[in-house]
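Take a look at the structure set out below.
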Amino acid sequence: MGAYSCLSERVDCYNADWIRLGDQVTVSQDAFLCTASHDITSPIMELTTAPLILKDQCWVCARAIILPGVTLGEGCVVAAGAVVTKNVAPWTIVGGNPATTLGRRELQRT
């Protein structure tokens, strides 16, 4: 967990594998960071795992779900309630189930 990063109340980190948070990452309340699933092609559906990487300045909004093996690019925003099944490009805003691109995050210049 990097500098100035935070996990809010009731964030569920199912860390059967690594979860890496960069600097200034915010994970809002009730989000679910999931690093495990099951192999549905197997008769015994054994556990599978893959790490999560949340790069610098990401924001995962309330009740979002990030599934195994996903990398959230620098500065991206995951909207409330989104289900992220694939990597998110830097400075992209995603939302929905499954999450799709909603726009780009543009920083104000002062």
Side-chain angles (χ1 to χ4, degrees):
M1 195 166 171
Y4 303 103
S5 289
C6 68
L7 298 175
S8 189
E9 296 178 309
R10 300 175 310 276
V11 171
D12 188 349
C13 293
Y14 182 29
N15 57 336
D17 208 320
W18 287 97
I19 299 174
R20 296 182 190 264
L21 278 64
D23 295 337
Q24 298 176 331
V25 172
T26 299
V27 182
S28 295
Q29 61 275 13
D30 298 310
F32 182 36
L33 306 179
C34 183
T35 63
S37 187
H38 294 274
D39 181 355
I40 61 170
T41 65
S42 166
I44 61 169
M45 290 196 307
E46 62 262 31
L47 188 70
T48 61
T49 67
L52 296 179
I53 301 170
L54 286 65
K55 296 200 174 175
D56 296 349
Q57 300 178 6
C58 287
W59 178 21
V60 176
C61 296
R63 296 190 176 134
I65 299 170
I66 314 300
L67 294 179
V70 167
T71 296
L72 300 181
E74 180 180 8
C76 75
V77 176
V78 176
V83 178
V84 180
T85 61
K86 298 178 182 174
N87 293 346
V88 177
W91 303 100
T92 301
I93 302 165
V94 299
N97 180 8
T100 58
T101 299
L102 301 176
R104 299 268 310 150
R105 180 178 171 205
E106 303 288 336
L107 298 181
Q108 290 182 356
R109 304 290 178 202
T110 56

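Note that the structure is a prediction, hence the values are computed from the model and not measured. Heavy-atom basis, side chains included; hydrogens, waters and symmetry copies ignored. One is the number of the first residue; the rest follow in order along the sequence.
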Shared-cluster residues of Ile40, by chain and number - hydrophobic side chains joined below 4.5 Å: Met45
When clusters are formed by joining ILVMFWY residues with side-chain heavy atoms under 4.5 Å apart, either directly or through shared neighbours, do Val70 and Leu21 land in the same one? yes
What residues form a side chain to side chain donor-acceptor pair (under 3.5 Å) with Glu46, not counting sequence neighbours? Ser42
Given 3.5 Å as the limit, does a donor-acceptor pair link the side chain of Ser37 with the main chain of Thr48, or not? no
Hydrophobic cluster membership, with links at side-chain heavy-atom distances under 4.5 Å among I/L/V/M/F/W/Y: are Val11 and Val25 in one? yes
Review item, side-chain donor-acceptor pairs of residues 83-96, under 3.5 Å, at least two apart:
{"from": "Asn87", "atom 1": "OD1", "to": "Thr71", "atom 2": "N", "distance (Å)": "2.8"}
{"from": "Thr92", "atom 1": "OG1", "to": "Ala89", "atom 2": "O", "distance (Å)": "3.1"}
{"from": "Thr92", "atom 1": "OG1", "to": "Pro90", "atom 2": "O", "distance (Å)": "3.3"}

Give the minimum heavy-atom separation between Ala36 and Cys34, together with the two atoms involved. O-SG, 3.1 Å
Does Leu72 belong to the same Ile/Leu/Val/Met/Phe/Trp/Tyr cluster as Ile65, with side-chain heavy atoms less than 4.5 Å apart forming each link? no
Min side-chain heavy-atom separation Leu47-His38 under 4.5 Å: yes
Those residues that, when tested against Thr100, pass side chain to side chain donor-acceptor pair (under 3.5 Å) (two or more places apart): none
Checking Asn15 now: which residues fulfil side chain to side chain donor-acceptor pair (under 3.5 Å) with it, not counting sequence neighbours? none
So salt bridge (Lys or Arg N to Asp or Glu O under 4.0 Å) across residues 94-110, not counting sequence neighbours, yields none
For Cys6, what residues pass the side-chain contact (heavy atoms from CB on, under 4.5 Å) criterion, not counting sequence neighbours? Thr26
Show me the pairs that pass salt bridge (Lys or Arg N to Asp or Glu O under 4.0 Å) and involve residues 28-38, at least two apart or across chains. Arg10-Asp30, Asp30-Arg63
In this structure, would Leu7 and Trp18 fall into the same cluster of hydrophobic residues linked by side-chain contacts under 4.5 Å? no
Could you pull out all donor-acceptor pairs under 3.5 Å where a side-chain atom in residues 49-62 meets a protein atom, sequence neighbours excluded?
{"from": "Thr49", "atom 1": "OG1", "to": "Asp17", "atom 2": "OD2", "distance (Å)": "3.2"}
{"from": "Asp56", "atom 1": "OD1", "to": "Asp23", "atom 2": "N", "distance (Å)": "2.7"}
{"from": "Gln57", "atom 1": "NE2", "to": "Gln24", "atom 2": "OE1", "distance (Å)": "3.3"}
{"from": "Trp59", "atom 1": "NE1", "to": "Ser28", "atom 2": "OG", "distance (Å)": "2.9"}

Between Leu33 and Leu67, is there shared hydrophobic-cluster membership here, with clusters defined by ILVMFWY side-chain heavy atoms closer than 4.5 Å? no
